[in-house]
Amino acid sequence: MAIERISVIGVPVDICEPQNLEREILALLDKPGTKRIVFLSIWNLLRARHRGDFADCIKSADLILPVSKSIVKGAKFLKKDIPVRYNPFEATIQILSILDSHYKTLYLLGSNKKTLAKTEHNLRDTFPSLRIIGRYVGYYPKSVESDIVSAIYKAQPSLVLVSDGIKEKNCWAYRRREQFSSSMFLYYEDAFGIFSERVKRVSEKTFNKGHEIFVEVAHNPFKIFLIFPFLWYRTVLTWYRLFRK
């Protein structure tokens with residue numbers, strides 16, 4: 001089996017070794033219907049514990065890859081099998097490389113016109129065998145959404161890469177899952193910004209130490225208040241360790 005699904009304080013997390021990722025991606029491509037890959041942060045994990053659309057979106061995803069060090073530590077604290085933590089940028093590159101090596105197709109959704117054009121140009125140079133068969137900017141008016149959905153449905157891309165400018169984020173594909181036929185969807189907010197060289201990605205050293213939150217706080221000081229949900233996470237972990245089997 002390529003992956004194992006565990007639960008961290010009631011939220012599913014997949015254990016997928018990097019060497020098994022290609023097998024899993026190809027297996028998802030063979031499945032009918034809408035498939036969704038989620039990069040799970042500690043903040044999204046905490047949100048997914050509550051009932052509602054977002055929780056259903058996360059818990060029903062086909063592949064849930066943890067990107068926060070706190071999730072890995074939480075699984076270890078709960079004496080679960082320990083998942084592999086993925087750097088979302090590196091994982092996106094790996095997924096695109098898999099699609100490129102199998103001559104698959106890609107649709108780009110999000111950001112603004114200039115960023116999207118630069119992203120497409122750079123992706124074509126980097127992944128010459130990956131055909132980009134459609135694109136549409138984010139921040140679009142509601143009136144054009146049906147045209148976007150229809151275009152994706154008709155094109156049937158292997159992967160729809162969703163980036164900034166899509167208000168519903170991970171939930172965009174989930175809420176429209178019945179309107180697509182066979183595509184995978186991946187939401188990564190910084191994807192187009194990084195690919196277009198507009199956004200500087202977190203260094204590998206900073207990510208490996210789990211210090212990317214400090215970069216976020218430097219850009220948005222109000223994120224210092226995330227300390228409170230983090231402390232709540234530690235409390236819930238302790239409660240699960242003591243009282244839940």
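This one's a predicted model, so the numbers in the text were calculated from it and none came from an experiment.
- Between the side chain of Asp100 and the backbone N or O of Leu130 there is at least one donor-acceptor pair closer than 3.5 Å.
- For the atom pair CG of Leu106 and NZ of Lys104, the computed distance is 13.0 Å after rounding to the nearest 0.5 Å.
- Atom-to-atom distance recorded for Thr34:OG1 and Asp62:CG is 9.0 Å, nearest 0.5 angstrom.
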The test is side chain to side chain contact (heavy atoms under 4.5 Å, CB included); show your working for Arg36 and Cys57 and say whether it passes. CA-CA 9 Å; Arg36 292 177 298 107; Cys57 165; 3.6 Å; yes
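- With a 6.0 Å radius and a threshold of 12 heavy atoms from other residues, nucleotides or ligands, Arg176 has its CZ atom above the threshold.
- Ring geometry for Tyr136 versus Tyr140: interplanar angle over 60°, hence perpendicular rather than tilted (30 to 60°).
- Here the side chains of Val67 and Leu40 are not in contact, with every heavy-atom distance at 4.5 Å or above.
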Hey, mind stepping through Ile93 and Ser97 against side chain to side chain contact (heavy atoms under 4.5 Å, CB included) and telling me if it holds? CA-CA 6 Å; Ile93 292 295; Ser97 297; 4.1 Å; yes
I'd like to know whether Ile9 forms a side chain to side chain contact (heavy atoms under 4.5 Å, CB included) with Tyr233, so could you lay out the CA-CA distance, the side-chain angles of the two residues, the decisive distance to 0.1 Å, and finally the verdict. CA-CA 9 Å; Ile9 61 172; Tyr233 173 64; 3.6 Å; yes
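- By the 4.5 Å heavy-atom criterion applied to side chains, Ile25 and Ile37 are counted as neighbours.
- Put simply, Ile98 and Tyr103 are part of two different groups of oily side chains (I, L, V, M, F, W, Y) that touch within less than 4.5 Å, one to the next.
- Hydrophobic clustering keeps Leu116 apart from Ile133 (ILVMFWY residues linked when any side-chain heavy atoms are closer than 4.5 Å, directly or through intermediates).
- Heavy atoms from other residues, nucleotides or ligands lying under 6.0 Å from NZ of Lys59 number more than 12.
- Formation of a donor-acceptor pair under 3.5 Å by the Asn208 side chain with backbone atoms of Glu204 is found in this model.
- Hydrophobic clustering (ILVMFWY, side-chain heavy atoms < 4.5 Å, transitive): Val11 and Tyr174 are in distinct clusters.
- One hydrophobic cluster holds both Val8 and Leu231 under the rule that ILVMFWY side chains link at heavy-atom gaps under 4.5 Å.
- A donor-acceptor pair under 3.5 Å is absent between the side-chain atoms of Thr105 and the main chain of Arg131, judged by distance alone.
- Ring orientation note: the planes of Phe185 and Trp172 are tilted relative to one another, at an angle of 30° to 60°.
- Cation-pi geometry between Arg234 and Phe77 is not met: the NZ or CZ atom fails to fall both under 6.0 Å from the ring centre and inside 45° of the normal.
- For the pair Ile95/Leu159, a side-chain contact is recorded, criterion being any heavy-atom separation below 4.5 Å from C-beta on.
- Taking CD1 of Ile58 as the start and CD1 of Ile64 as the end, the distance is 7.0 Å to the nearest 0.5 Å.
- More than 12 heavy-atom neighbours from other residues, nucleotides or ligands sit within 6.0 angstrom of CH2 on Trp239.
- Glu212 and Arg201 are not joined by a salt bridge, as no carboxylate oxygen comes within less than 4.0 angstrom of a charged side-chain nitrogen.
- Taking the side chain as every heavy atom from C-beta outward, Arg49 and Val236 approach each other to under 4.5 Å.
- Summarising the geometry of Val38 relative to Ala61, their closest heavy-atom pair is CG2-CB, 3.6 Å, with the distance given to 0.1 Å.
- Taking every heavy atom of both residues into account, Gln156 and Ser181 meet most closely at CG-OG, 3.2 Å.
- Counting heavy atoms from C-beta on, the side chains of Pro88 and Phe207 come closer than 4.5 Å.
- Using a distance-only test at 3.5 Å, with no hydrogens or angles considered, a donor-acceptor pair links the side chain of Lys35 to the main chain of Gly33.
- Annotation for His50 and Leu46: closest pair CD2-O, 3.5 Å, computed over non-hydrogen atoms.
- Here NZ of Lys114 is found 12.0 Å from OG1 of Thr119. Values are rounded to the nearest 0.5 Å.
- At least one donor-acceptor pair under 3.5 Å links the side chain of Ser196 to the backbone N or O of Gly193.
- A heavy-atom distance below 4.5 Å is not found between the side chains of Leu226 and Ile42.
- Here Gln94 pairs with nothing under the side chain to side chain donor-acceptor pair (under 3.5 Å) rule; sequence neighbours left out.
- Thr115 and Asn112 make their closest contact through N-OD1, 2.8 Å (heavy atoms, listed as atom of the first residue, atom of the second, distance).
- When all heavy atoms are compared, the tightest approach of Ser111 to Val137 is O-CB, 3.4 Å.
- Within a 6.0 Å radius of NE2 in His121, no more than 12 heavy atoms belonging to other residues, nucleotides or ligands are found.
- More than 12 non-hydrogen atoms from other residues, nucleotides or ligands lie less than 6.0 angstrom from CZ of Arg175.
- Remark: the Thr235 side chain and the Thr238 side chain contain no N/O donor-acceptor pair separated by less than 3.5 Å.
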Val13 and Arg5: CA distance, side-chain angles, deciding distance, side chain to side chain contact (heavy atoms under 4.5 Å, CB included) verdict: CA-CA 6 Å; Val13 177; Arg5 179 158 290 189; over 6 Å; no
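- Other residues, nucleotides and ligands contribute only 12 or fewer heavy atoms inside 6.0 Å of the OH atom of Tyr153.
- As a member of the Ile/Leu/Val/Met/Phe/Trp/Tyr network built from side-chain separations under 4.5 Å, Val72 groups with Ile82.
- Rounded to the nearest 0.5 Å, atoms CD (Glu4) and NZ (Lys80) are 9.5 Å apart.
- Within the 4.5 Å cutoff, the side chain of Pro12 has no heavy atoms near those of the Ser7 side chain.
- The main-chain N or O of Asn122 is found under 3.5 Å from a side-chain atom of Thr126 such that the two form a donor-acceptor pair.
- Side-chain N or O atoms of Asp14 include none that pairs as donor or acceptor with a backbone N or O of Cys16 at under 3.5 Å.
- Using a 4.0 Å cut-off between charged side-chain N and carboxylate O, Arg198 and Asp164 make a salt bridge.
- Remark: Arg177 pairs with no residue by the side chain to side chain donor-acceptor pair (under 3.5 Å) rule, at least two apart or across chains.
- The main-chain N or O of Tyr139 is never found under 3.5 Å from a side-chain atom of Lys167 such that the two would form a donor-acceptor pair.
- With Ser163 contributing its side chain and Phe192 its backbone, the two residues share a donor-acceptor pair below 3.5 Å.
- In this structure, Phe195 and Thr92 have side chains that are in contact, with non-hydrogen atoms separated by less than 4.5 Å.
- Of all non-hydrogen atoms in Trp43 and Pro229, the two that sit nearest each other are CZ3-CG, 4.0 Å.
- Formation of a donor-acceptor pair under 3.5 Å by the Arg135 side chain with backbone atoms of Leu108 is not found in this model.
- Taking NZ from Lys31 and CE from Met184, the interatomic distance works out to 11.0 Å, rounded to the nearest 0.5 Å.
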